[in-house]
2 protein chains.
Amino acid sequence: MDDTDLGWELSTAVVLFHEAVARRLGLSAVDHKALGVITRRGPLTAGALAAELGMNASAVTALVDRLERAGHARRAPDPADRRRVLVHPAGTPALGDVFAALTREMTAMMSKYDERETAAILDYIRNTIAVLRAQTAALTAAGERPRP
Amino acid sequence: MDDTDLGWELSTAVVLFHEAVARRLGLSAVDHKALGVITRRGPLTAGALAAELGMNASAVTALVDRLERAGHARRAPDPADRRRVLVHPAGTPALGDVFAALTREMTAMMSKYDERETAAILDYIRNTIAVLRAQTAALTAAGERPRP
DNA sequence: TTGAATAATCCACTATGTTGAAATATCTTA
DNA sequence: TAAGATATTTCAACATAGTGGATTATTCAA
């Protein structure tokens with residue numbers, strides 16, 4: 001019972017943190033998500049980004065315009081195919097600062113657990129990720145079912 | 001190093017899960033957030049909801065219209081002050097199903113840890129919530145600093 | 001009991017992001 | 001190398017949600 005509420009609070013805290021980061025960077029939710037994709041999936045073509053975000057090509061053109069204007073990303077031609085544009089992350093200092101602070105706090109916090117506790121915690125995190133992904137997939141599938 | 005990535009993956013999984021829930025219910029991010037507030041803060045006046053969401057009164061009128069139309073909330077007069085409207089959650093079956101499934105999976109997953117492991121995990125969750133809230137507050141404060 | 005304050009709503013306007021079609025450039029393959 | 005396919009961009013609607021001001025109903029205070 002306590003567990004459920006705690007999980008819910010954690011989930012809310014995560015979402016609110018993401019919102020705060022987006023607000024800090026002056027980004028909408030979609031733009032922030034896109035920046036996340038660009039940052040971790042490395043350089044990406046505009047088309048791949050569109051597929052990842054479920055948007056069409058022209059919306060992505062506008063999105064990358066915004067990110068580029070704000071200094072969060074930059075376009076570069078794809079040397080392998082000159083029709084393509086590769087969107088690179090442009091290391092925004094603000095974004096780096098945000099995650100450096102978070103990582104520092106989390107690392108400090110984790111340091112007080114012994115080996116066995118740490119193992120349990122990491123296992124829990126991995127399992128939670130798996131559960132969330134499965135539930136997300138189930139929800140998405142349920143939403144698409146009535147369609148075709 | 002592994003820790004950081006894991007935390008990041010967990011955070012992403014949480015956000016994607018929230019997005020999937022919103023999509024499933026046919027709600028925008030803001031409307032979904034509002035529904036969360038209404039569901040856990042019980043019946044709420046429109047004004048209180050506006051304050052919670054950082055929106056003005058007329059935007060909340062439109063928001064509650066949407067939630068009511070979709071069957072996720074209902075308005076009732078406040079018996080204590082007839083100018084006021086109380087927004088009640090209207091137990092959407094879809095929403096209940098989503099969280100029942102998640103709770104079931106999470107409970108099953110937690111059952112395999114012994115007492116000491118469980119204690120460590122719960123402590124970790126509590127600390128993570130605290131860190132995230134502090135970081136969120138710091139980000140928000142930083143954003144508001146240059147203002148007045 | 002009258003006048004000011006408050007709560008919600010309505011309305012016109014604005015800002016933002018998205019779509020779809022057309023244009024351009026490049027690649028692929030027959 | 002010519003025809004068709006693909007990647008991105010541009011542009012003109014369009015949709016959605018949020019703002020600010022006016023309106024109505026009700027409560028509070030002098």
Side-chain angles (χ1 to χ4, degrees), chain A residues 18-19 22-38 41-70 72-90 143 147, chain B residues 18-19 22-38 41-70 72-90 143 147:
Chain A
H18 272 252
E19 283 180 11
R23 205 165 36 242
R24 181 89 183 80
L25 300 179
L27 297 177
S28 72
V30 173
D31 288 10
H32 181 212
K33 181 177 177 179
L35 183 53
V37 171
I38 295 165
R41 299 261 202 292
L44 208 71
T45 67
L49 190 54
E52 187 85 25
L53 299 173
M55 304 167 53
N56 72 16
S58 58
V60 166
T61 296
L63 186 155
V64 176
D65 285 347
R66 292 191 296 272
L67 290 181
E68 213 171 24
R69 212 176 309 127
H72 297 308
R74 59 189 176 75
R75 273 182 248 243
D78 183 343
D81 182 341
R82 304 212 314 271
R83 290 169 303 178
R84 292 205 178 111
V85 163
L86 288 174
V87 184
H88 293 255
R147 275 287 188 76
Chain B
H18 273 253
E19 282 180 11
R23 202 164 39 240
R24 181 89 182 79
L25 299 178
L27 298 176
S28 72
V30 173
D31 288 11
H32 182 211
K33 181 178 177 180
L35 182 54
V37 171
I38 294 165
R41 299 260 203 293
L44 208 71
T45 67
L49 190 55
E52 188 84 26
L53 300 174
M55 305 168 50
N56 71 16
S58 58
V60 167
T61 296
L63 186 155
V64 176
D65 284 349
R66 291 192 295 273
L67 290 181
E68 213 171 23
R69 211 175 311 125
H72 297 308
R74 59 189 175 75
R75 274 182 247 243
D78 183 344
D81 183 340
R82 305 213 312 273
R83 290 169 304 180
R84 292 204 178 110
V85 163
L86 288 174
V87 185
H88 293 256
R147 275 286 188 76

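All figures in this text were calculated on a predicted structure; none of them were measured in a lab. Throughout, a chain's letter reflects where its sequence line sits, starting with A, and its residues are numbered from 1.
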Interatomic distance, [X] atom [atom1] to [Y] atom [atom2] [nearest 0.5 angstrom]:
X	Y	atom1	atom2	answer
A:E52	A:R41	CD	CZ	4.0 Å
A:L63	A:L49	CG	CG	6.5 Å
B:L27	B:L67	CG	CG	6.5 Å
A:K33	A:M55	NZ	CE	10.0 Å
B:H88	B:L86	NE2	CG	5.0 Å

Starting at atom [atom1] of [X], determine the distance to atom [atom2] of [N], rounded to an integer number of angstrom.
X	N	atom1	atom2	result
A:K33	C:dG17	NZ	C1'	15 Å
A:R84	D:dA5	CZ	P	17 Å
A:L86	D:dT8	CG	C1'	12 Å

Minimum heavy-atom separation for B:L44 and B:A48, please, with both atom names.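 Looking at all heavy atoms of both residues, the shortest contact is CG-CB, 4.0 Å.
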Annotated protein contacts, base or backbone, on nucleotides 22-30 of chain C with a non-hydrogen cut-off under 4.0 Å, one of B, S, - each: ---BBS---
Each nucleotide of nucleotides 9-23 of chain D classed B (base within 4.0 Å of a protein heavy atom), S (only sugar-phosphate) or -, in 5' to 3' order, makes BB------SSBB---
Are side-chain heavy atoms of B:V64 and B:I38 found at a separation under 4.5 Å?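 No - every pair of side-chain heavy atoms lies 4.5 Å or more apart.
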Going by the rule side chain to side chain contact (heavy atoms under 4.5 Å, CB included), which residues pair with A:A90 if we only count those two or more places apart in sequence or in a different chain?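 Checked A:A90 against side chain to side chain contact (heavy atoms under 4.5 Å, CB included); zero matches.
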